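Everything on this sheet refers to the single structure shown next.
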There are 2 protein chains.
Amino acid sequence: MVQKIIDRYRGKGFKLTPQRLAILKFLEGNTGHPTAEDIFVEIKKKHPTVSFATVYNTIQALRDRGDLLEITIDPERKHFDPNPSPHHHIICTDCGKIGDIFVDYSAALTLPDNILEEFTPTGNHIDFHGVCRDCSTKQ
Amino acid sequence: MVQKIIDRYRGKGFKLTPQRLAILKFLEGNTGHPTAEDIFVEIKKKHPTVSFATVYNTIQALRDRGDLLEITIDPERKHFDPNPSPHHHIICTDCGKIGDIFVDYSAALTLPDNILEEFTPTGNHIDFHGVCRDCSTKQ
DNA sequence: TATTATAATAGAATTGTTCTAAACTGAGAA
DNA sequence: TTCTCAGTTTAGAACAATTCTATTATAATA
């Protein structure tokens, strides 16, 4: 898996440093929707001197490449999703856990005429809200 | 309109101050999805000594009453919507303008089984992305 | 291996939001 | 009409997430 990441990122104006490799390893296949701090804490285990700036710089570089999406669902902080294929999310209103929903609802999401006069739609993202099993059994 | 606001808010543990009345007047029927700063700037015209804390306090009080919704669509700052009936939004990816969409798509938004095993859904909100007419003619 | 453009680092700065403590005031009671 | 006090306003400090800056370090290529 590490080799796959190396092959994918080496060259192309993307300097593959040990810190970046650690971030990429952490993100690869990660469906936990980590925040910048989650990434920072994880990378710090192996690279104790890493700085927040490195995490944010790398996040930015990956976003520019289209390999990382910023999720605007939690009003307190940004979450990131290494799966760049468009999908939706459900967030637990109790604990904030986020799940992925790989369904394309676009065909059903027709917009009213007054909106179509004012906007040319280019995409959509649905935030489902709900309560996760852990939280509903907890009480 | 001012009298309507006064009738609606007086009493009920909600102290109707001049600052609050100005905020309520600004929000009444406002479909511009203002930020806290937008509200602050507006109120300051008539109440030059108003503080940000007052704006945030009042926002919080209105949210607690269910009269104001926080919109999590702009990663940079919170926007607020005085229309508490559930609806969706479309945001211009260029200038950030936000439009309201009063369509209930819920019947079409069926969730996959693996999600329903993990979450009990309680609601949904769609962020449409697009380009507004001003921005598309501008270039 | 030397060169150079790019990245990492520590820490300061910035931005949006919340908190604090003291002074003030709207609304009901007297 | 005045009194009273819980709730509100205010200035400014505090806070948290993120971005910026200047310096040092290093990966990738020649």
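Naming convention: chains lettered A, B, ... in sequence-line order (proteins, then strands); numbering from 1 in each chain. Worth knowing before you read on, the calculation uses all heavy atoms, side chains too, and leaves out hydrogens, waters and symmetry mates. Bear in mind that the values here come from a model prediction, so they are computed numbers and not experimental data.
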Can you see whether H33(A) engages D100(A) through a side-chain donor-acceptor pair at a distance of less than 3.5 angstrom? yes
For atom CD1 of I59(A) and atom P of dA17(D), their distance in whole Å: 13 Å
Look at Y56(B) and dT18(C) and indicate whether a side-chain polar atom (N or O) is within less than 4.0 Å of OP1 or OP2. no
Whole angstrom is fine here: how far is it from NZ in K15(B) over to P in dT4(D)? 16 Å
Of the options dT18(C), dT10(D), dA27(C), whose atoms approach the side-chain atoms of V50(B) most closely? dT10(D)
Specify the closest pair of heavy atoms between E76(B) and K78(A), including all atoms of both residues, with the distance to one decimal. OE2-NZ, 3.8 Å
Quickly work out the Q60(B) CD to dG7(D) P distance and round it to whole Å. 16 Å
Are more than 12 heavy atoms from other residues, nucleotides or ligands located less than 6.0 Å from atom CD of E70(A)? yes
Listed nucleotide nearest any side-chain atom of P18(B), set dT18(D), dA28(D), dG26(C): dG26(C)
I need the NE2-C1' distance between H47(A) and dT26(D), as an integer number of Å. 14 Å
Do K78(A) and dT18(D) share a donor-acceptor pair, side chain to base, under 3.5 Å? no
Indicate, with a heavy-atom threshold strictly under 4.0 Å, whether T49(A) touches base, sugar-phosphate, or nothing. sugar-phosphate
Among the candidates dT9(D), dA8(C), dA27(D), find the nucleotide nearest to the side-chain atoms of T58(A). dA8(C)
Please determine whether a side-chain nitrogen of the Lys or Arg among R77(A) and E37(A) lies less than 4.0 Å from a carboxylate oxygen of the Asp or Glu. no
Tell me: CZ of F40(B) to C1' of dT15(C), nearest whole Å? 14 Å
T58(A), V50(A), L21(A), T54(A) screened by side chain to side chain contact (heavy atoms under 4.5 Å, CB included) with I43(A), the one that passes: V50(A)
Phosphate contact (dA16(D) OP1 or OP2) by R77(A) side-chain N/O below 4.0 Å: no
From CG of L16(B) across to C1' of dT9(D) the rounded distance in Å is 14 Å
Need one value for E37(A): base, sugar-phosphate or nothing, where a base atom within 4.0 Å counts as base even if backbone is also close, heavy atoms only. nothing
Counting only side-chain nitrogens and oxygens, does Q19(A) get under 4.0 Å of the OP1 or OP2 atom of dT26(D)? no
Within this structure, what is the CD1-to-C1' distance between I43(A) and dT9(C), rounded to whole angstrom? 16 Å
Under 4.0 Å: is that the gap between some side-chain N or O of R20(A) and OP1 or OP2 of dT6(C)? no
Just the table, please: protein N/O against nucleotides 19-21 of chain C N/O, every pair under 3.5 Å.
none

Between E76(B) and A61(B), who's closer to the 5' end of DNA chain D by nearest nucleotide? A61(B)
From dT17(C), dT9(C), dT26(D), pick the nucleotide closest to the side chain of S51(A)? dT9(C)
Per T17(B) side chain, nearest of listed nucleotides dA8(C), dA28(D), dT8(D): dT8(D)
State whether a side-chain donor-acceptor pair under 3.5 Å links D7(A) with Q3(A). yes
Centre-to-centre under 6.0 Å for H79(B) and H89(B), is that the case here? no
Heavy-atom neighbours of K25(A) NZ exceed 12 at 6.0 Å: no
For the side chain of T54(B), starting at C-beta, report the closest nucleotide among dG26(C), dT6(C), dT9(D). dT9(D)
Just the rounded figure in Å: distance from P of dG7(D) to CG of L21(B). 21 Å
